[in-house]
There are 2 protein chains.
Amino acid sequence: MVRQRSTSVKGLTPADVRDEDVDVTFMVWLTSRATTDLVDSVLAPAGLDGDEFAIYSVLTAAPSITPTELARWMAAPPTTVSSYVKRFEARGHVEREPNPDDGRSYRIKLTPAGRRAHRAAAKLFIPMRTRVEEGLGPRGSEVREALLTLRSVLDEIRHTPPGALE
Amino acid sequence: MVRQRSTSVKGLTPADVRDEDVDVTFMVWLTSRATTDLVDSVLAPAGLDGDEFAIYSVLTAAPSITPTELARWMAAPPTTVSSYVKRFEARGHVEREPNPDDGRSYRIKLTPAGRRAHRAAAKLFIPMRTRVEEGLGPRGSEVREALLTLRSVLDEIRHTPPGALE
DNA sequence: ACGAAAAACTGCGATATCGTAGTACCATGG
DNA sequence: CCATGGTACTACGATATCGCAGTTTTTCGT
């Protein structure tokens, strides 16, 4: 998975790009890459990557969900979700049951094996989570708050057609 | 690229997962997906996706950089960077020049065409950035601050071998 | 109740990501 | 100055992502 060094490279190379005056979006990108790298490497032994763990977590929290709902959750295109489901099902980690409300659709549920896989991954995840929380210390809640704010702003923009100025 | 709706799905479905008591990492994941979706859709007409735009931006800020440095920057494995470079070069957007300090390596530079492409993408990006900043309002600096904090914590953990407890 | 439009999903194919393993080069010790 | 080990990069191959276009079912207007 490759453990990388630091964002501030070597001595002086591209380090002159100071974070303070960089775009929020760019920082999200950077943060996200760092998170992915860390989480993926932590979860690797459990055979799940970060995305998969996140999805399994959603499936754990929400007893059952449709592909479309999942797609909205993770802001992913339906085809991607479709192949996720296929993959998870092949692993025996999720199963589909007919959606009583809509014949075109179905609902996804973790199987016991899926729950077990999630628990195994969680066991690796928790210590990391703890370290992150410790690292954040009291600022933890501010960070969470900030992410929340940011996400709601993003969502609002995402769902506003380009032309529509309020 | 698919424009999705909202994180809080429909009426009541998986909405019972309240953000407040969700993991920071998970929120980063969610935020990152939303960001990717938004940025990709905004930049699409310019023929760059978010990742590419970010890299072009780094290359704009840092006059030249080696693949390894770039890999550290974006916390990506070297093979990924390698194929990025190949792709960008094929587009005529970057060029390699020999690294005087190291014969195994080389330095990457945006070509004029590459700079042009970046500028074109930036033209689409700026309005979005503005909307995000407006949406954040005075909380903008806190959000930036939070991301900064988070990233430094993540980096520190990432670079600490699993066993090494301080 | 019917037909048109929209929505949920998927097969397929193009492209992207990234692990494995290999090559070229540098650095260190003796 | 050579050997040994480490580092920078990449070819190749496996798998993942996701757009396009098509099918099935639902929704809505009349």
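Heavy-atom basis, side chains included; hydrogens, waters and symmetry copies ignored. From a predicted model like this one, the values you see are computed outputs, not experimental measurements. Chain letters run A, B, ... following the sequence lines, proteins first and then strands; every chain starts at 1.
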query = Are the side chain of A/Thr111 and the backbone of A/His93 linked by a donor-acceptor contact shorter than 3.5 Å?
reply = yes
Electrostatic pair B/Glu142:A/Arg139 at N-O distance under 4.0 angstrom = no
note = By nearest-heavy-atom nucleotide on DNA chain D, the more 5' of A/Arg87 and A/Asp102 is A/Arg87
query = OP1, OP2 of D/dT10 versus side-chain N and O of B/Tyr84: anything below 4.0 Å?
reply = no
query = Which one of A/Arg158, A/Arg151, A/Arg72 satisfies the salt bridge (Lys or Arg N to Asp or Glu O under 4.0 Å) criterion with B/Asp37?
reply = A/Arg158
ask   = Over its full length, what angle do the end axes of the helix from C/dA1-D/dT30 to C/dG30-D/dC1 make, each axis taken from five pairs and the result rounded to 10 degrees?
value = 40°
ask   = Hey, is the side chain of B/Arg104 poking within less than 4.0 Å of OP1 or OP2 on C/dT23, counting only N and O atoms?
value = no
message = On the nucleotide C/dC9, are OP1 or OP2 found under 4.0 Å from the side-chain N or O atoms that A/Ser105 carries?
response = yes
ask   = So which nucleotide from D/dA11, C/dA16, C/dA8 ends up closest to the side chain of B/Lys86?
value = D/dA11
request  = Give, ordered by number, those residues of residues 89-100 of chain A having at least one heavy-atom distance below 4.0 Å to an atom of DNA chain C; if nothing qualifies, reply none.
outcome  = A/Arg96
remark   = By nearest-heavy-atom nucleotide on DNA chain D, the more 5' of A/Gly103 and A/Glu52 is A/Glu52
task = Step through the shown structure and confirm whether more than 12 heavy atoms of other residues, nucleotides or ligands are within 6.0 Å of CZ on B/Arg96.
result = yes
ask   = At under 4.0 Å, does any side-chain N or O of B/Thr80 touch on OP1 or OP2 of C/dC18?
value = yes
N or O in side chain of A/Thr79 less than 4.0 angstrom from D/dC18 OP1/OP2 = no
note = Assert: residue with more 5' nearest nucleotide on DNA chain C, out of A/Tyr106 and A/Arg33, is A/Tyr106
